[in-house]
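The block underneath contains the structure these notes are about, expressed in structure tokens.
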Amino acid sequence: MPFINDVIASNAKVIDEDKAKSATGRVSRFRFDPEQAIEVLKSRIIGQADMHGAIADMLHVVKADFGSGDRPLAVFLFVGSTGVGKTETVRVLAEVILGAADQMCRIDMNTLAQEHYTAALTGAPPGYVGSKENHSLFDFEKIEGSYSRPGIVLFDEIEKSSKEVARALLNVLDSGRLELSAGTKRLNFNNCLIFMTSNEGARELDAYRRKFERGWRSWFGRNPSKEREKSILNGALRRQFDLEFINRIDRIVVFEELGVRVLSDILAVEMSMLNKRLARHGVAVRLDESARSFLIDGHDPRYGARHLRRRIRAHLEPELARAFNTERGCHMFLASSRAGSLVVSAESA
Ligand SMILES: Nc1ncnc2c1ncn2[C@@H]1O[C@H](COP(=O)(O)OP(=O)(O)OP(=O)(O)O)[C@@H](O)[C@H]1O
Ligand SMILES: [Mg+2]
């Protein structure tokens, strides 16, 4: 594994300066274009305007590259209920910035639910089995990134890990360093975007917001108070995390529940991705209005977009596959809902 300085020196030679130049002609070592990244993010993650704004701010600051270099490039916590796009946001960013979602280092924190699992991140202490091998769930190269690309680390579902495991990350969030227990290796997170996701506080926040959708508050046109929302969220986060931990986060972004209107836009995104995959076989599928309502039917905001994905997988894909396997020479399929189920038929192009 080369030192970061060697990587910097070798990448500096190959960097394409035209691509790295900003609109002002200044050259940044980072090759990604913040505006383009945000466009892609907006087209893939629907709704969530607060997140789009926060990520745009962060990407511009990172691209400008005037940070001190003695802490991670950014430390974000995404909070929100299940299936609202928290993990998917980081996957999309990894695709845009690093070229593929699997180029980021994702740590599933629910696998680290007990305090002794801290060793899974920091390596086994001296004298214990594996201490010399520096075994850690961290993928060192993905963390350090390169001269022209930041590393991306995702601590997914952080509230499910033990408090001890979260404490082991304090130094990472603060000074961007993690010394493995054996003392033979130090990981550097200073060229890294750190994201964490959590459901903590989301339920209380959504319950508070829902009170304003019906009842006397809605009759009098009352809106949820931002101050009250902040205190609900902070209260919930403080119950789960130490104050030192919360204090090291640059920005806490709250993801909204997904309403039915947002869901039909998400269905359009899912269909365009499906059609991209089908295009490899020279085939396309179109939903009529009845099929669209059939797939969205039964949406419960508490479960986010996962219900929609399940319905696509359970109802649309099998029918489409059947038509795909039997209708020869057909380029276009139409899905519609009949008698409570989805029917896919060949459509003349
Ligand atoms: N706002 C959104 N826009 C587009 N697609 C979305 C959105 N929210 C969720 N999805 C879809 O739903 C799937 C689940 O989303 P994701 O994995 O990001 O959920 P999550 O917020 O991380 O939930 P959990 O807390 O349960 O992990 C994604 O693969 C994505 O396709
Ligand atoms: Mg998730």
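Note that ligands are numbered from 1 as they come in the structure, with each ligand's atoms numbered from 1 the same way.
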Just checking, any donor-acceptor pair under 3.5 angstrom between side chains of S146 and R149?
no
Under-2.8 Å neighbours of the Mg ion (ligand 2), protein N/O/S atoms only:
1
Can you list the steps and then say if H331 with E347 is a side chain to side chain donor-acceptor pair (under 3.5 Å)?
CA-CA 8 Å; H331 302 300; E347 194 183 47; over 6 Å; no
Can you find a side-chain donor-acceptor pair between N234 and R239 that sits under 3.5 Å?
no
Are F155 and F195 close enough that their ring centers fall under 6.0 Å?
no
Flag for D156-T87: side-chain donor and acceptor within less than 3.5 Å
yes
So, using ring pair (Phe, Tyr, Trp, His ring centres under 6.0 Å) as the criterion, who are the partners of Y303 when residues are at least two apart?
none
For a quick check under 3.5 Å, do T82 and R306 share a side-chain donor-acceptor pair by atom type?
yes
Using modelled atom types and a 3.5 Å cut-off, is there a donor and acceptor pairing between side-chain atoms of D242 and backbone atoms of E244?
no
The ring pair (Phe, Tyr, Trp, His ring centres under 6.0 Å) partners of H315 (sequence neighbours excluded) come to F294
For ligand 1, find each of its N or O atoms that sits under 3.5 Å from a protein N or O atom, and tabulate the pairs with distances to one decimal place.
unit_1   : atom_1 : unit_2 : atom_2 : d
ligand 1 : 1 (N)  : I46    : O      : 2.9
ligand 1 : 1 (N)  : V84    : O      : 3.4
ligand 1 : 3 (N)  : I46    : N      : 2.9
ligand 1 : 8 (N)  : V84    : O      : 3.2
ligand 1 : 8 (N)  : G85    : N      : 3.1
ligand 1 : 17 (O) : R306   : NH2    : 3.2
ligand 1 : 18 (O) : G85    : N      : 3.4
ligand 1 : 18 (O) : K86    : N      : 3.2
ligand 1 : 18 (O) : T87    : N      : 3.3
ligand 1 : 18 (O) : E88    : N      : 2.9
ligand 1 : 21 (O) : V84    : N      : 3.1
ligand 1 : 21 (O) : G85    : N      : 3.1
ligand 1 : 21 (O) : K86    : N      : 2.9
ligand 1 : 21 (O) : K86    : NZ     : 2.9
ligand 1 : 22 (O) : T87    : N      : 3.0
ligand 1 : 22 (O) : T87    : OG1    : 2.8
ligand 1 : 23 (O) : G83    : N      : 2.8
ligand 1 : 23 (O) : K86    : NZ     : 3.4
ligand 1 : 25 (O) : K86    : NZ     : 2.8
ligand 1 : 25 (O) : N199   : OD1    : 3.0
ligand 1 : 26 (O) : T82    : OG1    : 2.5
ligand 1 : 26 (O) : R306   : NH1    : 2.8
ligand 1 : 27 (O) : E157   : OE2    : 3.3
ligand 1 : 29 (O) : E88    : OE1    : 3.3
ligand 1 : 29 (O) : R309   : NH1    : 3.1
ligand 1 : 31 (O) : E270   : OE2    : 3.0
ligand 1 : 31 (O) : R309   : NE     : 3.4

